[in-house]
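Have a look at the structure below, then the notes.
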Amino acid sequence: MLLLLLLLFKGLPCHGASTVSPLLLGFHHPAAEEPLSYHFIQISSFANHSWAYTQASGWLGEMETEAWDSVSGTIRFLKPWSQGNFSKEELKNLEALLELYLHSFTTEVQVFASQFQFEYPFELQVLFGCQMRAGKPSESFLNGAYQGSDFLSFQGNSWKPSPGAGSRAQNVCRVLNHYRVIKEIVQRLLSDTCPRLLASRLDAGKSELEQQVKPEAWVSKGPSPGPGHLMLVCHVSGFHPKPVWVMWMRGEQEQPGTQRGDVLPNADGTWWKLHLADIDLFDCNSYLGHVGCS
Ligand SMILES: *[C@@H]1O[C@H](CO)[C@@H](O)[C@H](O)[C@H]1NC(C)=O
Ligand SMILES: *[C@@H]1O[C@H](CO)[C@@H](O)[C@H](O)[C@H]1NC(C)=O
């Protein structure tokens with residue numbers, strides 16, 4: 001998608017006479033070529049041997065699709081299509097499995113903390129998910145991190161320590177690999193449940209996921225970067241999907257010395273971004289006039 005917007009920025013306190021030449025910025029949405037992925041993330045903080053807190057949520061790409069409610073022990077689906085075409089019964093079973101897992105995870109980690117040489121306070125993260133490429137399931141993954149560093153992963157049908165995670169991770173994997181039933185459940189979740197849920201969600205949520213919303217763009221004056229300079233801020237907001245390209249142009253050339261902000265989420269599921277340009281007022285004749293987005 002290529003858009004052309006024209007913005008008019010008036011009131012630049014330019015030195016000298018002004019000749020009008022365009023200042024352009026542009027954005028476009030490349031087609032979604034990236035693989036589509038689902039991931040479930042669990043973050044567990046252990047303060048001491050009696051206190052732990054877990055947050056867990058599921059994401060389709062950059063969109064949160066469910067959150068774990070630890071008080072009621074239920075999955076809160078955040079989109080009308082989050083359940084894909086899973087039956088009520090299958091969802092109930094998944095919820096029960098998740099509750100059992102999260103409860104046992106905390107308990108077992110506390111029990112094994114000293115044997116595993118986990119030192120309080122510590123944080124464990126688990127990332128579980130799968131991808132689709134060109135309409136076909138491509139890869140599934142389950143990775144664990146200790147204190148923010150890669151610790152272990154599930155490969156094929158067993159737990160493997162991450163390179164560089166040391167004897168502590170080897171020790172944990174050795175213990176985990178004794179639990180055959182857990183490995184079978186993990187394998188099934190990775191090879192069957194996750195790809196099925198992802199595929200049926202992509203179907204059920206098609207209209208929302210593929211929806212394209214054009215951004216609004218406007219320009220304002222930012223904080224002064226110093227004498228003789230002016231900061232211009234281009235606001236681009238309300239667009240979907242996320243990939244966007246924004247730049248300040250001076251004539252045909254990209255304006256150097258600009259700052260790119262991150263693409264950040266709006267509450268309604270769209271995205272916004274700021275893009276700043278530092279303009280030398282003694283050299284700004286060529287910027288005056290139209291500000292455009294293409
Ligand atoms: C464990 O950590 C929690 C949360 O930081 C704290 O409130 C509690 O007093 C601690 N308990 C012990 C036994 O240290
Ligand atoms: C659920 O959806 C998937 C993908 O859209 C499809 O392949 C499968 O046949 C559906 N299953 C049922 C039971 O409808």
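- Taking the six-membered ring for Trp and the full ring otherwise, the centers of Tyr120 and Phe118 sit at least 6.0 Å from each other.
- Side-chain contact annotation: Ser237 with Glu216, donor-acceptor N/O pair under 3.5 Å absent.
- Criterion: ILVMFWY side-chain heavy atoms under 4.5 Å apart, direct or through other members. Under it, Trp59 and Leu209 are not part of a common hydrophobic cluster.
- Here the side chains of Arg196 and Phe86 are in contact, with some heavy-atom distance below 4.5 Å.
- Between Lys160 and Ser158 the shortest side-chain heavy-atom distance falls below 4.5 Å.
- No continuous path of ILVMFWY side-chain contacts below 4.5 Å connects Phe141 to Leu198, so the two sit in separate hydrophobic clusters.
- Residues Leu274 and Leu264 have side chains not in contact (no heavy-atom distance under 4.5 Å, counting atoms from C-beta outward).
- What you find for Trp51 and Asn48 is that their closest heavy atoms are N-OD1, 2.9 Å.
- Listed by chain and residue number, Phe116 satisfy the ring-ring contact (aromatic ring centres under 6.0 Å, His included) test with Phe112 (two or more places apart in sequence, or in another chain).
- We find the CD-NZ distance between Glu90 and Lys88 to be 13.5 Å, quoted to the nearest 0.5 Å.
- Put simply, the side chain of Thr74 never gets that close to the backbone of Asp69: no donor and acceptor are under 3.5 Å apart.
- In the hydrophobic clustering of this structure, Ile185 groups with Leu102; members are Ile, Leu, Val, Met, Phe, Trp, Tyr whose side-chain heavy atoms approach within less than 4.5 Å, directly or through other members.
- At distances below 3.5 Å, at least one donor-acceptor pair connects side-chain atoms of Arg201 with backbone N or O atoms of Ser82.
- Hydrophobic cluster membership differs between Leu127 and Phe154, with clusters built from Ile, Leu, Val, Met, Phe, Trp and Tyr side chains linked at under 4.5 angstrom.
- With ring centers used as reference points, Phe40 lies 6.0 Å or more from Phe128.
- Interatomic distance, Glu95 CD to Glu66 CD, rounded to the nearest 0.5 Å: 11.0 Å.
- Contact record, Glu62 with Lys242: OE2-NZ, 3.1 Å, taken as the closest heavy-atom pair.
- The main-chain N or O of Pro121 is found under 3.5 Å from a side-chain atom of Gln147 such that the two form a donor-acceptor pair.
- Closest of all the heavy-atom pairs between His39 and Gly61 is CE1-O, 3.8 Å.
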Inset, instruction - May I have the step-by-step check of side chain to side chain donor-acceptor pair (under 3.5 Å) for Gln55 and Ser57, ending in yes or no? - result: CA-CA 7 Å; Gln55 284 171 285; Ser57 51; over 6 Å; no

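- Between Gln110 and Ala52, the shortest heavy-atom distance links the atoms NE2-CB, 3.8 Å.
- For residues 111-190, every residue pair satisfying the disulfide bond (SG atoms under 2.5 Å apart) rule, not counting sequence neighbours, is listed here: Cys130-Cys194.
- In this structure, the side chains of Ser224 and His229 stay at 4.5 Å or more apart for every pair of heavy atoms.
- Residues in residues 261-274 take part in no salt bridge (Lys or Arg N to Asp or Glu O under 4.0 Å) pair, two or more places apart or across chains.
- By the 4.5 Å heavy-atom criterion applied to side chains, Leu142 and Trp159 are counted as neighbours.
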Inset, instruction - Give the C-alpha distance, both sets of side-chain angles, the deciding distance and a yes or no for side-chain contact (heavy atoms from CB on, under 4.5 Å) between Glu99 and Trp68. - result: CA-CA 9 Å; Glu99 184 174 24; Trp68 175 250; 3.7 Å; yes

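- Using the six-membered ring where Trp is involved, Tyr146 and Phe151 have ring planes that are tilted, between 30° and 60° apart.
- Atom CG of residue Leu94 and atom CD of residue Gln83 lie 11.0 Å apart, to the nearest 0.5 angstrom.
- A salt bridge does not link Arg188 to Glu184: none of the charged nitrogens lies less than 4.0 Å from a carboxylate oxygen.
- Side chain of Thr270 to main chain of Asn266: no donor-acceptor pair is present (N/O by atom type, distance under 3.5 Å, no hydrogens or angles).
- Residues Ser87 and Glu89 bring no donor and acceptor atom of their side chains to less than 3.5 Å of each other.
- Few gaps surround CZ on Phe77; more than 12 heavy atoms of other groups in view lie less than 6.0 Å from it.
- The closest donor-acceptor contact from the side chain of Thr65 to the backbone of Gly58 lies under 3.5 Å.
- Although no hydrogens or angles enter the test, the distance criterion places a donor-acceptor pair under 3.5 Å between the side chain of Lys183 and the main chain of Asn177.
- Annotation: the span from Leu197 atom CG to Leu60 atom CG amounts to 8.5 Å, rounded to 0.5 Å.
- The shortest side-chain heavy-atom distance between Lys79 and Met63 falls under the 4.5 Å cut-off.
- Taking 4.5 Å as the limit, some side-chain heavy atom of Pro265 sits within range of a side-chain heavy atom of Trp271.
- For the atom pair CG (Leu202) and CH2 (Trp81), the distance works out to 8.0 Å, reported to the nearest 0.5 Å.
- Atom CD in Gln131 sits 15.5 Å away from atom NZ in Lys136 (nearest 0.5 Å).
- Leu91 is connected to Leu189 through a chain of hydrophobic side-chain contacts under 4.5 Å among Ile, Leu, Val, Met, Phe, Trp and Tyr, so both are in one cluster.
- Put simply, the side chain of Asp203 does not reach to within 4.5 Å of the side chain of Asn85, judged on heavy atoms.
- Using a distance-only test at 3.5 Å, with no hydrogens or angles considered, a donor-acceptor pair links the side chain of Ser140 to the main chain of Leu190.
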